[in-house]
K.L.:
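Got a structure here, written out as structure tokens. Questions coming.
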Amino acid sequence: MKTQNKIKWTLTQPEAIKHIINILDTNDNINRTALSYELCDYFHFFDPRGNRQHSGCLKALRQLEQAGHFRLPSSTRKTVPRSPQRLEHPVPQPRKVPVDAGQISELQLIIVETNEQMRIWNELMITDHPRGAGPLVGRQLRYLVQSEHGWLGGVSFSSAALHLADRDKWIGWDWEQRQENLHHVVNMSRFLIRSCVACKNLASHVLGLAVKLFPGDFEKRYNHRPLLLESFVDTSHYRGTCYKAANWRWIGRTKGRGRQDVLRKQEETIKDIYVYPLDKDFRIKMGLPENS
């Protein structure tokens with residue numbers, strides 16, 4: 001558990017200040033509570049019962065604001081959620097896509113960096129993904145699936161699930177070990193092959209490209225190389241065949257609780273959990289027994 005002094009010390013570090021400023025600069029509609037929740041998740045500020053140390057984080061943020069590091073949103077203003085930026089027109093449908101992924105020309109993943117790329121990614125997710133464009137939480141990377149035939153889909157990565165019984169059992173960590181090592185795990189939070197694209201093996205091929213590119217891109221952006229990927233498959237819509245073909249491992253199912261299900265209403269659908277180790281020695285590097 002992070003004490004109040006430890007929370008403040010963590011947030012006063014230059015990289016933490018930079019991270020907070022970046023959140024404030026890129027989220028016009030964020031309020032103090034949402035900022036505190038995101039920082040608790042990002043820096044693992046939790047008490048022994050697994051609750052976010054929201055009050056301690058807010059107190060530290062107010063002190064840092066008074067010290068002149070940044071300016072927080074007003075605590076009294078009502079915020080209106082801002083819709084994701086979109087294109088003014090649908091993303092053009094791909095043309096002459098081959099029936100097999102091996103025949104696609106110039107297939108690649110493009111990391112989303114520009115405003116135009118973000119608009120395309122949002123448009124694809126909003127129009128074609130069951131969960132839309134987000135919001136995503138924590139450290140994030142987005143990719144567009146590009147080819148000479150047009151945009152074929154998109155992928156995103158963001159913070160791992162806080163509590164996931166079957167995952168935690170499979171990894172073999174206890175509560176304290178999870179708090180110390182959760183930042184080594186990243187969630188593939190969106191994976192889309194457009195519904196208008198019928199191409200054998202494309203999904204598993206894109207998963208392979210993503211696994212190859214993601215660790216280096218993430219390390220370049222955040223100065224940290226993850227050890228394990230997780231992802232969820234809604235079995236009411238999909239069978240997870242492409243994950244199995246791309247060597248992801250099924251390890252269990254969710255309990256139907258979303259990230260914000262603090263009241264334990266279990267309003268989410270049950271999903272299969274898949275993982276992909278990015279390092280075969282990930283348990284050792286987390287300080288766990290090799291065969292947990």
Side-chain angles (χ1 to χ4, degrees), residues 1-82 84 131 133-140 156-165 167-168 173-187 189 222 224 226 230 232 254-268:
M1 182 181 74
K2 300 290 195 304
T3 64
Q4 176 59 42
N5 287 339
K6 183 65 173 180
I7 291 173
K8 183 178 179 181
W9 181 88
T10 299
L11 295 183
T12 55
Q13 301 308 299
E15 287 300 315
I17 296 292
K18 182 179 178 180
H19 181 68
I20 295 169
I21 293 173
N22 181 63
I23 293 174
L24 293 171
D25 287 345
T26 57
N27 294 272
D28 293 340
N29 61 314
I30 198 167
N31 57 32
R32 295 186 180 203
T33 297
L35 174 62
S36 172
Y37 280 1
E38 182 160 340
L39 293 174
C40 286
D41 292 350
Y42 186 87
F43 291 107
H44 314 298
F45 299 151
F46 299 98
D47 64 23
R49 301 181 66 179
N51 300 312
R52 295 184 182 94
Q53 293 184 281
H54 171 59
S55 297
C57 186
L58 274 180
K59 181 178 179 180
L61 286 172
R62 289 193 294 267
Q63 292 173 340
L64 292 171
E65 181 186 45
Q66 292 172 358
H69 291 288
F70 43 72
R71 186 168 185 176
L72 294 172
S74 171
S75 60
T76 58
R77 70 184 179 100
K78 296 182 179 180
T79 60
V80 178
R82 185 178 62 180
R131 298 183 66 84
L136 308 182
V137 298
R139 294 176 288 186
Q140 305 165 20
S156 73
F157 297 89
S158 52
S159 289
L162 301 177
H163 311 284
L164 206 56
R167 176 205 63 191
D168 297 340
W173 55 20
D174 57 26
W175 183 92
E176 184 176 352
Q177 290 167 329
R178 185 184 69 213
Q179 302 313 307
E180 292 296 324
N181 290 287
L182 190 60
H183 64 288
H184 292 305
V185 185
V186 177
N187 182 266
S189 47
Y222 295 109
H224 171 69
E230 66 181 24
F232 308 127
T254 66
K255 304 298 184 183
R257 297 181 59 201
R259 193 179 186 90
Q260 306 301 332
D261 184 24
V262 295
L263 299 179
R264 298 180 181 272
K265 293 182 178 181
Q266 294 186 297
E267 296 180 343
E268 293 277 348

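Only heavy atoms go into these numbers, but all of them, side chains included; no hydrogens, no water, no symmetry mates.
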K.L.:
List for me each residue that meets salt bridge (Lys or Arg N to Asp or Glu O under 4.0 Å) alongside Arg32, sequence neighbours excluded, and say none if there are none.
P.N.:
Glu65

K.L.:
Could you tell me which non-hydrogen atom of Thr26 sits nearest to which non-hydrogen atom of Asn22, and how far apart they are?
P.N.:
OG1-O, 2.7 Å

K.L.:
Ala160 and Leu182: which non-hydrogen atoms are nearest, and at how many Å?
P.N.:
CB-CD1, 4.1 Å

K.L.:
Find out whether Ser159 and Asp41 are in side-chain contact, i.e. whether some heavy atom of one side chain is under 4.5 Å from a heavy atom of the other.
P.N.:
no

K.L.:
To the nearest 0.5 angstrom, please state how far the CZ atom of Arg131 sits from the CG atom of Leu136.
P.N.:
10.0 Å

K.L.:
Within the side chain of Gln63, is there an N or O that forms a donor-acceptor pair under 3.5 Å with the backbone of Lys8?
P.N.:
no

K.L.:
Are Val137 and Tyr37 packed together at the side-chain level, in the sense that at least one heavy-atom pair is separated by less than 4.5 angstrom?
P.N.:
no

K.L.:
How long is the straight-line distance from CG of Asn27 back to CG of Leu35, given to the nearest 0.5 Å?
P.N.:
9.0 Å

K.L.:
How many angstroms lie between CG in Leu11 and NE2 in His69, if you round to the nearest 0.5 Å?
P.N.:
10.5 Å

K.L.:
Between Asn31, Leu72, Leu58, which is the residue that forms a side chain to side chain contact (heavy atoms under 4.5 Å, CB included) with Ser36?
P.N.:
Leu58

K.L.:
Say you draw a straight line from CZ of Arg178 to CG of Asp168; how long is it, rounded to the nearest 0.5 Å?
P.N.:
5.0 Å

K.L.:
Please answer whether the main-chain N or O of Tyr42 pairs with a side-chain N or O of His19 as donor and acceptor at a distance below 3.5 Å.
P.N.:
no

K.L.:
Can you name the closest pair of heavy atoms from Leu39 and Leu61 and give their distance?
P.N.:
CD1-CD2, 3.7 Å

K.L.:
Walk me through it: do His163 and Lys255 pass the test side-chain contact (heavy atoms from CB on, under 4.5 Å)?
P.N.:
CA-CA 10 Å; His163 311 284; Lys255 304 298 184 183; over 6 Å; no

K.L.:
Can you tell if the side chain of Pro73 reaches within under 4.5 Å of the side chain of Leu24, non-hydrogen atoms only?
P.N.:
yes

K.L.:
Between Gln177 and Asp174 (side chain of the first, backbone of the second, donor and acceptor by atom type, cut-off under 3.5 Å), is there such a pair?
P.N.:
yes

K.L.:
About how many Å separate CG of Leu164 and CD of Glu230, when rounded to the nearest 0.5 Å?
P.N.:
6.0 Å

K.L.:
To check you understand the geometry: which heavy-atom pair defines the closest contact between Ile21 and Phe70, and what is its length?
P.N.:
CG1-CB, 4.2 Å

K.L.:
Is there a side-chain contact between Phe46 and Arg52, using heavy atoms and a 4.5 Å cut-off?
P.N.:
yes

K.L.:
Between Asn187 and Phe232, is there a side-chain heavy-atom distance shorter than 4.5 Å?
P.N.:
yes

K.L.:
Any donor and acceptor pair, going by atom type alone, linking the side chain of Asn51 with main-chain N or O of Asp47 inside 3.5 Å?
P.N.:
no

K.L.:
Does any part of the side chain of Val186, heavy atoms only, come nearer than 4.5 Å to the side chain of Tyr222, both counted from C-beta?
P.N.:
no

K.L.:
Between Ala161 and Arg167, what is the shortest heavy-atom contact and its length?
P.N.:
O-NH1, 2.8 Å

K.L.:
For the residue pair Thr12 and Ile17, what are the closest heavy atoms and their distance?
P.N.:
O-CG1, 3.9 Å

